[in-house]
K.L.:
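The structure's right below; bear with me while I get my questions together.
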Amino acid sequence: MPRLSARFANFPAYPLAHIPARKKALLAAGVDVIDLGAGDADLAPPPAAVAALQRAATEPAMQRYGFGLGYVPYREAIAAWMKTRFGMSVDPMSEIVPLLGSKEGLAHVAFAFLGPGDVGIIPDPAYQAYIGGTLLSDATPYVYALRPRTNFLIDLDEIPTDVLARTRVLYLNYPNNPTAAIAPKDYLARVVQTCHDRDILLVYDNAYSEMGFDGYVPPSIFEIDGARDVAIEFHSLSKTYNMTGWRCGWSVAKPELSSALAKVKAFTDTGQYMGIQAAGVAAIESWSAFVPQNLATFAARRDAAVTAFRAHGFTADTPQATMYLWMPLPEGIASREFADRVREEAGVIVLPGSGFGEGGEGFFRISFIQSPARIEEAARRAGAVLQVMQQEMHATSGDIAVAGAAGT
Ligand SMILES: Cc1ncc(COP(=O)(O)O)c(C=O)c1O
């Protein structure tokens with residue numbers, strides 16, 4: 001067996017990788033599984049995107065390599081949308097990098113900006129591409145626990161100065177997966193200032209920019225003064241247009257930063273299928289016809305989820321953004337055990353907080369990827385399991401108290 005590299009031999013297992021296989025086994029056993037796991041909605045993409053892909057599939061010119069340049073109208077549609085949505089002027093050719101989904105860009109950008117001895121600051125819990133890219137670049141992750149104490153924000157003032165001095169990349173994601181937290185603009189302004197002062201690349205993951213509720217409109221990092229100098233922002237069609245499987249996203253940054261990511265990608269992929277980029281144009285151009293009503297569907301699911309999980313014994317804040325509820329578990333109930341038992345005993349897939357990093361312990365996440373009725377049923381089943389676990393816990397602690405009493 002050829003030997004694994006030292007870097008890879010110590011690579012952590014990808015969390016939650018066991019869940020799809022367990023789901024399949026439960027379904028095969030006839031269980032009525034309700035999957036509220038991955039952020040992967042059951043809803044349809046914009047019809048215009050589907051039609052554009054169908055058309056593209058019949059055009060010989062669209063079947064060729066896209067290379068890094070890709071389908072130029074895709075770049076132009078992104079630039080036009082960035083202008084309408086965030087008021088930002090972007091040069092389509094030098095400031096946008098088309099991506100095969102934003103995940104690969106989030107991981108690959110680290111290759112250009114991190115190396116041995118460098119630090120990447122990673123929120124925890126977080127989307128795993130950040131730590132993956134950092135470790136694959138042989139850099140050192142500095143993991144910061146996102147907890148209610150700081151409203152799930154990274155407080156850079158709490159990071160030791162010797163760590164900040166070695167930090168080359170800071171990953172931030174608001175609206176946040178998995179905590180559903182949002183970042184106030186004054187907080188973002190302080191972060192941008194620190195990145196300026198210390199020459200840190202701010203990797204701003206904005207995958208949920210179009211998933212704000214109740215009038216909350218998530219900003220671009222580029223709405224913050226000075227961000228153009230230090231930030232690269234990542235966008236995705238996945239959540240906004242129910243196009244997770246299509247693998248289509250982009251980054252935006254000034255040319256010096258964009259070209260570095262584009263260069264890494266030139267050595268690792270040959271571009272997205274241009275037919276998908278053509279569909280991306282149609283999706284982006286259907287924003288006003290599609291996004292508000294799609295968001296209304298998610299808002300109804302969110303409301304159903306908050307009401308139902310509260311009714312069944314959970315604590316749930318109403319999130320202003322994302323497609324997730326991040327709920328605390330009672331003291332003493334480990335998130336992995338809870339998620340395993342809810343899945344195996346009640347056929348409901350929820351994700352344990354610890355699956356997003358140790359900082360997520362004590363919480364679990366559900367996604368609004370099913371109808372309100374199914375979410376309500378899932379909450380009922382999960383609540384029943386929670387009740388049993390609490391009874392078991394109290395019985396055990398009662399036993400210990402009795403045993404203690406007998407021993408005195
Ligand atoms: C925070 C965050 N960033 C990025 C992504 C990746 O999206 P894409 O499908 O564009 O790779 C996800 C997907 O779940 C996510 O939650």
Side-chain angles (χ1 to χ4, degrees), residues 14-17 19-20 35-43 45 49 70 74 78 81 96-110 120 122-134 146 152-154 169-183 202-212 218 220-221 231-252 261 265 268-269 271-273 276-277 279-280 283-284 298 319 321-326 349-351 353 355-357 359-360 365-369:
Y14 195 83
L16 313 175
I19 292 178
D35 185 352
L36 303 182
D40 195 3
D42 59 340
L43 303 167
Y74 179 58
I78 293 166
W81 182 78
I96 288 167
V97 179
L99 301 171
L100 301 137
S102 61
K103 183 178 189 179
E104 61 96 351
L106 288 160
H108 280 139
V109 71
I122 315 286
D124 172 23
Y127 193 55
Q128 294 293 300
Y130 318 149
I131 197 154
T134 303
L146 298 185
F152 302 105
L153 300 170
I154 293 184
V169 169
L170 163 64
Y171 279 98
L172 279 194
N173 161 229
Y174 298 101
N176 183 257
N177 171 22
T179 69
I182 58 174
L202 173 55
V203 175
Y204 197 75
D205 179 358
N206 217 345
Y208 298 91
S209 71
E210 305 315 294
M211 299 204 78
S220 163
I221 194 66
I232 181 166
E233 180 165 277
F234 287 81
H235 288 269
S236 171
L237 298 187
S238 290
K239 318 292 172 169
T240 309
Y241 299 103
N242 308 324
M243 288 169 66
T244 48
W246 298 50
R247 314 309 304 129
C248 205
W250 69 88
S251 65
V252 179
L261 173 58
K265 284 174 55 60
T268 55
D269 71 67
Q272 173 60 282
Y273 171 41
I276 290 198
Q277 292 187 353
I284 291 167
F298 280 108
T322 77
M323 55 201 288
Y324 307 116
L325 278 192
W326 182 244
I349 297 179
V350 303
L351 299 187
F356 297 90
R365 192 195 83 177
I366 65 144
S367 305
F368 312 146
I369 54 168

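Worth knowing before you read on, the calculation uses all heavy atoms, side chains too, and leaves out hydrogens, waters and symmetry mates. Whatever order the structure lists ligands and atoms in, that order sets their numbers, starting from 1. The structure displayed is predicted, hence computed values, not measured ones. Sequence positions, counted from 1, serve as the residue numbers for this chain.
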K.L.:
What distance do Tyr74 atom OH and Leu237 atom CG have between them, rounded to the nearest 0.5 Å?
P.N.:
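Rounded to the nearest 0.5 Å, the OH-CG separation comes out at 4.5 Å.
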K.L.:
How many angstroms lie between atom CG of Asp35 and atom CG of Asp42, to the nearest 0.5 angstrom?
P.N.:
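Answer rounded to 0.5 Å: 10.0 Å.
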K.L.:
Against heavy atoms of Gly101, which atoms of ligand 1 measure under 4.0 Å?
P.N.:
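This gives 10 (O), 11 (O) as the contact atoms.
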K.L.:
Would you call the rings of Trp250 and His235 parallel, tilted or perpendicular if under 30° counts as parallel and over 60° as perpendicular?
P.N.:
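Rings of Trp250 and His235: parallel, as their planes differ by under 30°.
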K.L.:
Quick one: does Arg247 get within less than 4.0 Å of ligand 1, heavy atoms only?
P.N.:
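Yes.
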K.L.:
Compare Trp246, Phe356, Tyr127, Tyr208 and give the one whose heavy atom is closest to atom 16 (O) of ligand 1.
P.N.:
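The option holding the nearest heavy atom is Tyr208.
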K.L.:
So is Leu106 touching ligand 1 or not, going by heavy atoms under 4.0 Å?
P.N.:
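Checking ligand 1 against Leu106, which is what was asked, there is a heavy-atom contact under 4.0 Å.
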K.L.:
Give the residue, atom name and distance (to 0.1 Å) of the protein heavy atom nearest atom 14 (O) of ligand 1.
P.N.:
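For atom 14 (O) of ligand 1, the nearest protein heavy atom comes out as Lys239 NZ, 2.7 Å.
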K.L.:
Nearest to atom 3 (N) of ligand 1, what protein heavy atom do you find, and at what distance?
P.N.:
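Sorting protein heavy atoms by distance from atom 3 (N) of ligand 1 puts Asp205 OD2, 2.5 Å first.
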K.L.:
So is there a nitrogen or oxygen of Thr244 less than 3.5 Å from a nitrogen or oxygen in ligand 1?
P.N.:
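No; every N/O pair is 3.5 Å or more apart.
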K.L.:
Are any of the N/O atoms on Tyr324, whether in the backbone or the side chain, positioned under 3.5 angstrom from an N/O atom of ligand 1?
P.N.:
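N/O-N/O distance below 3.5 Å does not exist for this pair.
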K.L.:
Which of the atoms in ligand 1, numbered in the order shown and given with their element, are less than 4.0 Å from a heavy-atom of Asn173?
P.N.:
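Answer for ligand 1: 1 (C).
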K.L.:
Could you tell me whether Ser102 approaches ligand 1 through its side chain, its backbone, both or neither, with non-hydrogen atoms closer than 4.0 Å?
P.N.:
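Within the 4.0 Å criterion, Ser102 contacts ligand 1 through backbone and side-chain atoms alike.
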K.L.:
For a quick check under 3.5 Å, do Ser251 and Glu233 share a side-chain donor-acceptor pair by atom type?
P.N.:
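Ser251 vs Glu233: no donor-acceptor pair found between side chains.
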K.L.:
Under a heavy-atom criterion of less than 4.0 Å, does Phe234 contact ligand 1?
P.N.:
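Outside the 4.0 Å threshold, so no.
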K.L.:
What are the atoms of ligand 1, with element, lying closer than 4.0 Å to any heavy atom of Ser238?
P.N.:
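Checking each atom against Ser238, I get 8 (P), 9 (O), 10 (O).
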K.L.:
Indicate the atoms forming the closest heavy-atom contact of Lys239 with Ala207, along with that distance.
P.N.:
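Of all heavy-atom pairs spanning Lys239 and Ala207, the closest is CG-O, 4.0 Å.
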K.L.:
For Tyr208 together with Tyr324, are the ring centres under 6.0 Å from each other?
P.N.:
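Yes: the rings meet the under 6.0 Å criterion.
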K.L.:
Given side chains that start at C-beta, do those of Tyr174 and Asp205 come closer than 4.5 Å, heavy atoms only?
P.N.:
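No; the side chains remain at least 4.5 Å from each other.
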